[in-house]
There are 2 protein chains.
Amino acid sequence: MTPVILIVEDEADLVELLRYNLEREGYEILATPSGEEALLIVEERHVDLMLLDWMLPHMSGIEVCRQLRRKPGSRALPVIMLTARGEQADRVRGLDTGADDYVTKPFAPEELIARIHAVMRRARPALSEERLTYSDIEMNLTEHKVARNNRPVVLGPTEFRLLRHFMEHPGRVFSRDQLIDSVWGHGIFIDSRTVDVHIRRLRKALNGKDEQDVIRTVRSAGYALDAEAAIA
Amino acid sequence: MTPVILIVEDEADLVELLRYNLEREGYEILATPSGEEALLIVEERHVDLMLLDWMLPHMSGIEVCRQLRRKPGSRALPVIMLTARGEQADRVRGLDTGADDYVTKPFAPEELIARIHAVMRRARPALSEERLTYSDIEMNLTEHKVARNNRPVVLGPTEFRLLRHFMEHPGRVFSRDQLIDSVWGHGIFIDSRTVDVHIRRLRKALNGKDEQDVIRTVRSAGYALDAEAAIA
DNA sequence: ACCTTATGTGACAGTTATGTGACGATGGCC
DNA sequence: GGCCATCGTCACATAACTGTCACATAAGGT
């Protein structure tokens, strides 16, 4: 799956420049000018790296970073800060807050791309250590393995991404359209009933003989990962 | 459910222009030329965003905004101000008063729509607020779960929307027609007695063995959510 | 008390949403 | 090319929810 980078920056020109260069590098780009919205996107979508402007309209980059690190479920999402020249003095504060690197504006796109590669390479082993766990389900992302109750579970690629998305946002209800956006990719055009079929395949693989269904169907709304789904 | 936008504007032409464009975008439109009435509508209907003209016949847009923010129960309803050119100087005051954005007239419909999208996305966490609480009832909107006294409550989609509407306006009495407008959608035409049936279903699901009825029947007027319903 | 009107309640039949099995298409791999 | 796994879509089965009715009950008015 192509890595997803979230750009949090309020200068539209810069965003477009970055989008162009990074998409050429094979990344998928999300962008928003608002820190609040950034935190929201991280909740709902899979994001591999965040490019975070220091100065933002309402909420500063530092604040975004702090709140991001405070979230419990969020694994250590790599963050690269974008700072203007005069703000260099605050570099330490930025790194303190949990950013993985910083780049001072103006910068050459090549430099940024190099740092992105570096951070993502560095972050991957850290990421890999982190297995995703919810209830009795365990995902090992690096080895691409899933187990329930220590019993191995085999999933197709799409089911794997689907489960991963649920595990990254346990309990949350996603509409079929949201799932298509997040699991298949933004702008992909797929019949929403296809989601049902993959949900079924995921359920089939995940639910053993006498195990609870961990996927809750919310009629007219979507699906959610929920260990107590059976509270009927 | 389609998002609802309330337009508060006294130029009829502009209202119709906006209505046309926004309905095409899939929004449901309410409109009123009066600030007083706007505050009333917000009390009684579910509204996702308010487009507020700066200059209004009796009560100015600022005043509307101020009063809106002062209301206790009202979650932070996103507000976009519409200002004429010469009023730009007051921009700061507008944002101070609590508006989330402002647009100067004349404007291109596309620009307004872009800002509406931005504001609504930004406001979502404030709007959905994760959870609604009233008395011993708790609704988790993101997880689509309802509980009373920590006991899970299962509701059908319509009962869920109905309860949500009550929880967003606790204590307030709604006529059957108002409920149909807000919960089913404007322009939907169904028998008003149908509301009674759904109220019954909601009561049945909500009222456990020895729990109080939380829905108060107001004879010849409608229903209200009211924890002390039985003290009648 | 009596009549009138409004609301509570259980049942039912139509409608809509979801579950499920099967199928052909696609693309990697040998 | 043939094999295999996976994918997206369809058609049909099943389940859940919906709106309405008929009748029971309760509340107001006189």
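Letters A, B, ... are given to chains in the order of the sequence lines, protein chains preceding strands, and every chain is numbered from 1.
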Contact check, side chains of A/Ile199 and A/Val195, non-hydrogen atoms, under 4.5 Å: yes
With a 4.5 Å limit on heavy-atom distance, are the side chains of B/Ile5 and B/Glu28 in contact? no
To the nearest Å, give me how far apart [atom1] ([X]) and [atom2] ([N]) are.
{"X": "B/Arg193", "N": "D/dC21", "atom1": "CZ", "atom2": "C1'", "value": "10 Å"}
{"X": "A/Asp191", "N": "D/dG8", "atom1": "CG", "atom2": "C1'", "value": "8 Å"}
{"X": "B/Arg219", "N": "D/dA26", "atom1": "CZ", "atom2": "C1'", "value": "7 Å"}
{"X": "A/Ile190", "N": "D/dT9", "atom1": "CD1", "atom2": "P", "value": "5 Å"}
{"X": "A/Leu162", "N": "D/dG8", "atom1": "CG", "atom2": "C1'", "value": "14 Å"}
{"X": "B/Arg216", "N": "D/dA26", "atom1": "CZ", "atom2": "C1'", "value": "18 Å"}

Can you see if the side chain of B/Trp184 gets near the phosphate of D/dT18 - specifically, an N or O under 4.0 Å from OP1 or OP2? no
Under 4.0 Å from any heavy atom of chain B: name the first and the last nucleotide of DNA chain C that qualifies, 5' to 3'. C/dT5 to C/dA11
Taking atom CZ of B/Arg131 and atom CG of B/Leu141, what is their separation to the nearest 0.5 Å? 10.5 Å
One should read off an interatomic distance between B/Leu18 CG and B/Ile29 CD1, to the nearest 0.5 angstrom, of 8.0 Å
Say whether B/Arg45 and B/Ser182, considering side chains only, have a donor N or O and an acceptor N or O under 3.5 Å apart. yes
Among residues 195-207 of chain A, which contact DNA chain D at a heavy-atom distance under 4.0 Å? A/Val197, A/His198, A/Arg201
Using a heavy-atom cut-off of 4.0 Å across all strands, would you classify [X] as base, sugar-phosphate, or nothing?
{"X": "B/Thr194", "answer": "base"}
{"X": "A/Tyr223", "answer": "sugar-phosphate"}
{"X": "A/Val154", "answer": "nothing"}

Please state whether the rings of A/Phe160 and A/His144 are parallel, tilted or perpendicular, taking 30° and 60° as the class boundaries. parallel
Give me the atom names and distance for the closest heavy-atom approach of A/Pro3 to A/Gly26. CD-O, 4.2 Å
Decide yes or no on ring pair (Phe, Tyr, Trp, His ring centres under 6.0 Å) for B/Trp184 and B/His165, but give the supporting numbers first. CA-CA 11 Å; B/Trp184 276 259; B/His165 185 256; over 10 Å; no
Residues B/Glu143 and A/Arg216 bridged, charged N to O under 4.0 Å: no
